[in-house]
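When a ligand or atom number is given, it counts from 1 through the structure's own listing order.
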Amino acid sequence: MAGFSGPNLLVAVVVVILLAVHARAADQVLHLDRVTVHATDLPEPDARALAATLAAARDVYTALGFDMPDKITLHVQCGPDHPTRLSTDGHSSVTLSIKSPKALARPAKTGAFHLYGLCHELGHVGMYRTLKERDWMTTPAAEGWAHYVGGVVVDRVHAKHGEALWTPDPYDYRTDGTARLARQLAAKSPDDVTRAAGLWQQLDALLGPEQMPKLFAAWQAAKVDPAKPHGALLAALLSGSDPAKKPALEAWWKSAAPLFVQPRPASDFKPATIDPKLLEPDPVTLKPDDDAPDGKKSIAGGAHARTFATPAPGQWYLRAVHVHAGRYGPAQAPNTQFDLTLCDKDNRPIITWKHPYKLVPRGQSQWLRIETPPTLVPDSFTVTLTFRPTAQSGVFVSLDTSTNGHSLSSPPGAKPAPLAAGDWMLRPDLSRPKAADALSGQQ
Ligand SMILES: [Zn+2]
C-alpha cells in the first residue's frame with residue numbers, strides 16, 4: 001500500500017484500484033544495475049536517482065538477510081494527472097506517480113518523503129516475499145513494519161551514500177529515518193501504525209541482528225490457522241530464539257498481539273460434501289443480476305463477496321460459482337493463486353478453495369464458471385473471491401447496480417464491509433440430493 005509519507009497518509013484497509021492501465025505515451029526504459037525504470041515524462045537524471053536509491057536500499061535489505069529480487073522494476077508516471085502515490089506489488093516492482101519532477105524535492109518543500117518511501121516499499125517486499133500467508137496480520141502491523149524498517153534502511157543508505165545520492169535535491173535525509181520514528185513515538189498519542197512500528201523496533205532489538213527474516217520464515221512455515229492464529233505465532237517466535245529471552249519475548253507478544261493479530265473466526269457450520277451422483281443432475285443457477293455490468297473493481301486488502309439464500313427449504317449443495325470478471329496485468333498470468341471461499345451469512349469462512357490466477361481470462365470481462373466439490377450450504381450463505389491484486393496485476397470483478405445490499409468488500413472472517421455501489425456479479429450453481437424429490441414427491 002501507499003506509504004511514501006509514512007503513517008499520516010495511511011487511509012484505509014481497503015484500497016480500491018479503479019484503473020490499473022498505464023498511459024504508454026512517452027514510455028522511457030532505463031536498464032541499470034539491479035533496477036529497471038519504466039518512466040513517462042521523467043528527466044533521465046531523476047530516473048537514475050530513483051533507481052540508485054532503490055538499488056542502495058535493496059542492497060541494505062539483502063545485507064540484513066532479506067530475500068530480495070535480483071532486479072527491481074520501477075514504474076514512474078509523471079504528469080499533472082498523476083497524484084503523488086507510491087506502491088509495491090510486494091514481490092519485485094514499485095510504482096510511483098508524481099505530478100512533476102519538482103515533486104521529488106526534499107520533504108521540507110513538498111511534504112512527501114520519497115527517499116524514505118522507496119525504502120519503505122522495499123520493507124514490504126522484504127516481508128511479503130517470505131511471509132506469504134499472512135491473513136492474520138493487521139494493516140497497522142504490516143504498515144508499521146515497513147515504516148520501522150524503512151527508517152532503519154534510510155539511516156544505513158545515508159551512512160553509505162550520503163546526501164549526494166538524492167540528486168533531485170540533496171539534503172540530510174537522516175531526519176527521515178529512525179529519528180523521524182522517534183519523534184512520532186514521542187508524540188502525545190501516536191497512531192496505530194506508529195505504535196506498531198515502535199513494537200517492531202522493540203522486537204528487532206530483542207531478537208538481535210538479522211533475526212527478522214528468520215522470524216518471517218518461521219511464521220510462514222508455521223501454517224498459521226487464521227481462525228486461531230495466536231498459539232502458532234507465539235510458538236514460532238519462541239522456537240527460533242535464545243531460551244534466555246523467552247520471558248521478554250512473551251511480554252513483547254502480550255503487548256503486540258492485540259495490535260498485530262486479527263483472528264478470522266471460522267463458521268460453526270461444518271463443511272460437508274456429497275457424492276455428485278447422489279445430486280440432481282442439472283444445477284439451479286441463482287441469477288440476481290441483470291447480466292449487464294455497470295462497472296468493475298479490483299480490491300487490494302479486501303475481497304468480492306455476495307450473500308445468497310437457497311431457493312427452497314431443504315439441503316442444497318454448491319456445485320460452482322460463476323463470476324463476471326477479467327484479469328489485467330502481464331499476458332502471462334502470475335504464478336499465484338486466488339481464493340474462492342464459502343462463508344456463512346456473517347462472513348465467517350466454511351471452506352476455501354485455491355485456484356491458479358491463469359484460470360481468469362485476461363482482458364474483456366466475461367462469465368467464468370469455477371467448479372467446486374459439491375458442498376452443503378446454509379440457508380443463507382456468502383460466496384467470496386479474494387484475488388490479492390496489485391496495481392500491476394489483478395482481476396476486475398463486474399458490478400451490477402440493478403440490486404444492492406447483498407455484497408461486501410471484506411475478506412472472509414473480517415468484519416463485514418458492505419458495498420454501497422451495487423452487487424458483485426456472482427452466480428452460484430446449487431443442486432439438491434435426488435432423495436429430496438422422492439421425499440417431497442414434487443418439484
Ligand atoms: Zn506501506
Undergrad: Kindly write out the residues that satisfy salt bridge (charged side-chain N to carboxylate O under 4.0 Å, His left out) with Lys99, not counting sequence neighbours, or none if the list is empty.
TA: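 Scan of Lys99 (salt bridge (charged side-chain N to carboxylate O under 4.0 Å, His left out), adjacent residues dropped) gives none.
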Undergrad: Looking only at N, O or S atoms in Glu143, which is nearest to the Zn ion (ligand 1)?
TA: OE1
Undergrad: Has His120 got an N, O or S atom lying less than 2.8 Å from the Zn ion (ligand 1)?
TA: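 So His120 does bind the Zn ion (ligand 1) by this criterion.
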Undergrad: Check whether any N, O or S atom of Glu121 sits under 2.8 Å from the Zn ion (ligand 1).
TA: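 Looking at Glu121, which is the residue asked about, there is no N, O or S atom under 2.8 Å from the Zn ion (ligand 1).
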Undergrad: Can you sort out the partners of Glu44 under salt bridge (charged side-chain N to carboxylate O under 4.0 Å, His left out), two or more places apart, ordered by chain and number?
TA: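 In terms of salt bridge (charged side-chain N to carboxylate O under 4.0 Å, His left out), with neighbours along the sequence ignored, Glu44 is linked to Arg48.
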Undergrad: Is the shortest side-chain N to carboxylate O distance from Asp344 to Arg348 below 4.0 Å?
TA: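 So Asp344 pairs with Arg348 through a salt bridge.
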Undergrad: Please check if any side-chain donor atom of Thr73 sits under 3.5 Å from a side-chain acceptor atom of Thr36, or the reverse.
TA: no
